[in-house]
Amino acid sequence: MIIFRLSLFYAAFAAALPAPGRIGENMSQPFSQAEVTPWNAGAVTEFAIHSSCNATQRRQINLGLNEAVSLAMHAKSHILRWGNNSDIYRKYFGNSPSMNAIGAFDIVVNGDKKDVLFRCDNPDGNCDLQGYAGHWRGKNATDETVICDLSYETRRSLSTMCALGYTVSGSETNTFWASDLLHRLYHVPAVGQDWIGHFADGYEEVVDLATTNATLSTHDSETLQYFALEAYAYDIAVPGTGCPGNQQKHHGSDLAEPDASANQTSSTSTASELSSTTSDAPAHCHTHAGGELHCT
Ligand SMILES: *[C@@H]1O[C@H](CO)[C@@H](O)[C@H](O)[C@H]1NC(C)=O
Ligand SMILES: *[C@@H]1O[C@H](CO)[C@@H](O)[C@H](O)[C@H]1NC(C)=O
Ligand SMILES: *[C@@H]1O[C@H](CO)[C@@H](O)[C@H](O)[C@H]1NC(C)=O
Ligand SMILES: *[C@@H]1O[C@H](CO)[C@@H](O)[C@H](O)[C@H]1NC(C)=O
Ligand SMILES: *[C@@H]1O[C@H](CO)[C@@H](O)[C@H](O)[C@H]1NC(C)=O
Ligand SMILES: *[C@@H]1O[C@H](CO)[C@@H](O)[C@H](O)[C@H]1NC(C)=O
Ligand SMILES: [Zn+2]
């Protein structure tokens with residue numbers, strides 16, 4: 001009915017103009033275009049948060065995820081700008097080409113976010129265990145990550161970067177929501193693609209990996225976290241200074257240094273941070289090889 005009336009209208013209108021064929025062509029285009037599905041139809045641009053998360057939990061996870069994306073975005077930008085001219089880049093990735101690390105950060109920023117779910121209902125019961133701040137569900141539900149109550153009490157905003165005693169080398173990577181969630185995202189196959197794994201544990205091993213096996217460093221979860229944190233601290237939080245903490249060249253050499261920072265690797269500076277890292281300590285159960293439980 002509408003089509004019929006439109007074409008009647010066209011016919012009358014076109015007849016009054018000198019080039020009727022052209023008008024008909026142009027006017028018909030929007031109609032045929034509208035039938036073509038956009039190439040990115042169905043794109044998922046937000047991480048999903050399960051209905052088991054209440055309003056405050058959802059809000060904190062959302063803020064944390066936004067910060068994880070900001071952290072990854074800056075890490076990528078730093079590499080794109082400086083490549084291996086960056087001391088921070090070379091410290092963590094050695095001589096490796098920059099594309100792998102760029103991609104590892106970009107997938108968090110721009111990758112499709114379907115098949116990633118955060119939930120709060122403790123379906124596997126692991127949140128009842130002391131020190132569990134969350135876990136990847138592994139074989140039980142490989143797309144799913146559980147966030148436990150301890151996270152809401154201990155994880156910090158990136159706005160506190162370099163404050164409250166935090167240093168990159170002396171503090172845990174899970175001090176911040178951003179890096180903690182980056183780690184958790186890398187366990188989800190849609191993000192980490194079973195390519196990002198755990199090849200080094202802790203700051204010293206991560207720094208060593210850059211020289212012993214730089215190829216592995218660009219897909220090591222902890223290396224990516226440490227790099228992102230240090231780049232963010234140095235470029236954004238305290239520009240030109242950052243908070244790298246005690247820089248040791250080699251394993252064990254820090255003990256030979258006379259200064260007070262000799263305690264850095266085993267201690268954190270403030271009472272609140274100490275309590276958060278100690279309560280997290282038992283949760284350092286990394287049994288990823290078989291896709292199993294991982295806690296932090
Ligand atoms: C029809 O489209 C062509 C190019 O797409 C344009 O050059 C022409 O001006 C259009 N004609 C009218 C009447 O809008
Ligand atoms: C959400 O759940 C947490 C943990 O059970 C609780 O502490 C918090 O008060 C709840 N928030 C709301 C808005 O109910
Ligand atoms: C930096 O990368 C370039 C290639 O882009 C390479 O030729 C050079 O050896 C690298 N330098 C270091 C110190 O890794
Ligand atoms: C780096 O690690 C990979 C994977 O484990 C291994 O195949 C390779 O031989 C290692 N390279 C060096 C120089 O250790
Ligand atoms: C190192 O830490 C211990 C407690 O963990 C403390 O007793 C000692 O004084 C510290 N040493 C320095 C040099 O800060
Ligand atoms: C998967 O579920 C089983 C049975 O409920 C549980 O024992 C196991 O800890 C769960 N795995 C993870 C990674 O939570
Ligand atoms: Zn892990």
Side-chain angles (χ1 to χ4, degrees), residues 48-65 84 90-101 104 115-156 174 177 180-181 183-201 204-224 227 250-251 275-276 279-280 282-296:
I49 299 177
H50 191 249
S51 58
S52 60
C53 302
N54 70 24
T56 53
Q57 291 166 331
R58 173 177 301 270
R59 195 145 174 267
Q60 287 182 81
I61 294 171
N62 250 324
L63 283 167
L65 286 167
N84 69 5
R90 286 199 310 279
K91 173 180 174 180
Y92 290 103
F93 301 118
N95 294 328
S96 42
S98 58
M99 286 93 133
N100 276 342
D115 297 334
V116 183
L117 179 68
F118 288 85
R119 57 191 300 162
C120 305
D121 54 355
N122 191 18
D124 301 314
N126 293 329
C127 293
D128 302 337
L129 302 171
Q130 160 117 50
Y132 275 52
H135 68 97
W136 175 52
R137 295 196 66 201
K139 284 173 184 147
N140 290 350
T142 171
D143 298 339
E144 298 188 6
T145 302
V146 177
I147 301 298
C148 306
D149 285 350
L150 186 59
S151 279
Y152 311 110
E153 295 158 17
T154 57
R155 299 299 183 247
R156 286 166 34 182
N174 67 14
W177 276 109
D180 182 52
L181 292 177
H183 174 195
R184 298 188 189 288
L185 286 168
Y186 282 141
H187 278 290
V188 176
V191 180
Q193 303 186 350
D194 297 324
W195 175 246
I196 292 173
H198 288 282
F199 309 108
D201 186 22
E204 287 177 58
E205 279 186 34
V206 159
V207 172
D208 283 349
L209 189 65
T211 51
T212 58
N213 200 331
T215 308
L216 279 183
S217 70
T218 57
H219 55 115
D220 178 66
S221 178
E222 289 232 316
T223 305
L224 292 161
F227 171 80
H250 295 290
H251 239 104
S275 72
S276 87
S279 61
D280 279 359
H284 250 279
C285 33
H286 271 118
T287 27
H288 306 93
E292 262 80 42
L293 186 68
H294 125 106
C295 336
T296 19

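Heavy-atom basis, side chains included; hydrogens, waters and symmetry copies ignored. Atoms within a ligand are numbered from 1 in the order they appear, just like the ligands themselves.
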Legend entry - For N54, atoms of ligand 2 separated by under 4.0 Å from a heavy atom: 1 (C), 2 (O), 3 (C), 8 (C), 10 (C), 11 (N), 12 (C), 14 (O)

Inset, instruction - May I ask whether atom 7 (O) of ligand 4 is less than 4.0 Å from at least one protein heavy atom? - result: no

Inset, instruction - With heavy atoms of H135 as the reference, note each atom of ligand 6 found under 4.0 Å away. - result: 14 (O)

Legend entry - H135 and Y132 aromatic ring geometry - parallel, tilted or perpendicular at 30°/60° bounds: perpendicular

Inset, instruction - Return the minimal non-hydrogen interatomic distance between K91 and A210, and the atom names on each side. - result: O-CB, 3.2 Å

Inset, instruction - Identify which of N140, N122, N126, L129 has a heavy atom lying nearest to atom 3 (C) of ligand 6. - result: N140

Inset, instruction - If you have a sec, work out which protein heavy atom is nearest atom 13 (C) of ligand 2 and how many Å separate them, to one decimal? - result: T56 CG2, 3.8 Å

Legend entry - Spacing of OH belonging to Y186 relative to CH2 belonging to W195, to within rounding of 0.5 Å: 13.5 Å

Inset, instruction - Could you list the atoms of ligand 2 found under 4.0 angstrom from a heavy atom of D149? - result: 4 (C)

Legend entry - Polar contact flag for R137 and ligand 6 (N/O pairs, less than 3.5 Å): no

Legend entry - Separation of N174 CG from T154 OG1 (nearest 0.5 Å): 7.0 Å

Legend entry - Heavy-atom nearest neighbour of atom 11 (N) of ligand 4 within options T212, N213, L209: N213

Legend entry - Flag, side chain of N122 to backbone of C127, donor-acceptor distance under 3.5 Å: yes

Inset, instruction - Give the ring-plane orientation class for Y92 versus F227, where under 30° counts as parallel, over 60° as perpendicular and anything between as tilted. - result: perpendicular

Inset, instruction - Distance to 0.1 Å, residue and atom name: give those for the protein heavy atom nearest to atom 4 (C) of ligand 4. - result: L216 CD2, 4.0 Å

Inset, instruction - Taking the side chain as every heavy atom from C-beta outward, state whether I147 and C53 have any atom pair closer than 4.5 Å. - result: no

